[in-house]
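Down below is the structure, laid out as structure tokens.
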Amino acid sequence: MAKAHKITGVIPQDSYRENARTILSQKVEEVYTWEPFIHDAARREELHNMRISIKRLRYTMELFRVAYRSSKTHAKGATTTNDKRFNEFLGVIVDLQEILGDVHDCDVVLEVLTDYGTQAVQTDVAPGIAKLIARTKEIRNADYKTFLEKWEKLSTVNFKQQLLLFLAS
């Protein structure tokens, strides 16, 4: 697993919101360092590292959610435009993390099944293992395709730039 990128520019005397801007923008950039690898389905480790970076971004966004809430007082349950936008961005991040998590789960299962299948070649379970491997590969390929489609769609609408602008506001 890749180490988190070192965060720079945090000034303890600055406001919570200002430090949130500093930290979150760097977390977004960390996610995008893995983008060059996403079009190669065989780059399992890099896809996993991207998921971990997305997870770090998600949890950091959740930590700093309060910094992006509107300061206006609203009736119970009412959400502001700022709250809504933050939740939309966070929802996309959660979705990407979950899809890449599903891809990684399949990768782990495939590794275990392949090792087991190699040991079971001389037994009656080998055909069953082969079917499980084939089915898991199908699921992994479908999840990977879903991830790429969502990523491409986000790229088309300049998601990264929109998120960075929102976080900087």
**Asked** So do the side chains of R56 and V31 get within less than 4.5 Å of each other, counting heavy atoms only?
**Response** no

**Prompt:** Below 4.5 Å, heavy atoms only, C-beta onward: do K160 and E29 meet side chain to side chain?
**Reply:** yes

**Asked** Please walk me through it: do R21 and F64 pass side-chain contact (heavy atoms from CB on, under 4.5 Å)?
**Response** CA-CA 9 Å; R21 288 181 187 130; F64 286 118; over 6 Å; no

**Prompt:** Should L163 and Y32 be counted in the same cluster of Ile, Leu, Val, Met, Phe, Trp and Tyr side chains packed under 4.5 Å apart?
**Reply:** yes

**Prompt:** Is it the case that one hydrophobic cluster holds both L63 and V66, taking links as side-chain heavy atoms less than 4.5 Å apart, direct or via other members?
**Reply:** yes

**Approximate separation, where rounding is to 0.5 Å, of L132 CG and L110 CG** = 10.0 Å

**Request:** Kindly indicate whether the side chain of N82, heavy atoms from C-beta on, has any atom under 4.5 Å from the side chain of R69.
**Result:** no

**K27 side chain near I7 side chain, heavy-atom distance below 4.5 Å** = yes

**Message:** Hydrophobic clusters here meaning ILVMFWY residues chained together by side-chain heavy-atom distances under 4.5 Å, can you tell me if I129 and I139 are in one?
**Reply:** no

**Prompt:** Looking only at heavy atoms, what is the nearest atom pair of D40 and L47, with distance?
**Reply:** O-CD1, 4.4 Å

**Item:** Distance in Å, L96 CG paired with S53 OG, rounded so as to fall on 0.5 Å steps
**Value:** 12.5 Å

**Ring-ring centroid check F147 W34, cutoff 6.0 Å** = no

**Message:** Between Q26 and T22 (side chain of the first, backbone of the second, donor and acceptor by atom type, cut-off under 3.5 Å), is there such a pair?
**Reply:** yes

**Item:** Smallest separation among heavy atoms of S169 and Y68, with atom names
**Value:** O-CE2, 4.4 Å

**Pairwise distance CD(E30) to CE(M50) - rounded to 0.5 angstrom** = 10.5 Å

**Between OG1 on residue T136 and CG on residue D105, distance to nearest 0.5 Å** = 11.0 Å

**Request:** Answer yes or no: is there an ion pair linking E62 with R58, defined by an N-O contact shorter than 4.0 Å?
**Result:** yes

**Prompt:** Hey, any chance V10 and V28 share a hydrophobic cluster, counting ILVMFWY side chains that come within less than 4.5 Å of each other, even indirectly?
**Reply:** yes

**Asked** Under 3.5 Å, is there a donor-acceptor pair between the side chain of N141 and the main chain of K137?
**Response** yes

**Prompt:** Is any side-chain heavy atom of H39 closer than 4.5 Å to a side-chain heavy atom of L148?
**Reply:** yes

**Fill in**
Between the CE atom in M61 and the CG atom in N87, the distance rounded to the nearest 0.5 Å is 8.5 Å

**Message:** Just so I know, are the side chains of F89 and F159 near enough to count as touching, which here means a heavy-atom distance under 4.5 Å?
**Reply:** yes

**Request:** Determine, for R44 against E111, whether the closest basic-nitrogen to carboxylate-oxygen distance falls under 4.0 angstrom.
**Result:** yes

**Asked** Which heavy atom in I54 sits nearest to a heavy atom in L100, and how many Å separate them?
**Response** CD1-CD1, 3.8 Å

**Asked** Is the shortest heavy-atom distance from the side chain of L167 to the side chain of S25 under 4.5 Å?
**Response** no

**Message:** Is the terminal nitrogen or CZ of R65 (NZ for Lys, CZ for Arg) located under 6.0 angstrom from the six-membered ring centre of F86 and within 45° of that ring's axis?
**Reply:** no

**Message:** Check whether Y144 forms a cation-pi arrangement with R140 (NZ or CZ under 6.0 Å from the six-membered ring centre, at most 45° off the ring normal).
**Reply:** yes

**Prompt:** Distance from D143 atom CG to I99 atom CD1, nearest 0.5 Å?
**Reply:** 7.5 Å

**Asked** Is K150 atom NZ crowded by more than 12 heavy atoms from other residues, nucleotides or ligands, each under 6.0 Å away?
**Response** no

**Request:** Write down the atom of A67, the atom of R17, and the distance for their closest heavy-atom approach.
**Result:** O-CD, 2.7 Å

**hydrophobic_cluster_shared for I38 and L57, side chain cutoff 4.5 Å** = yes

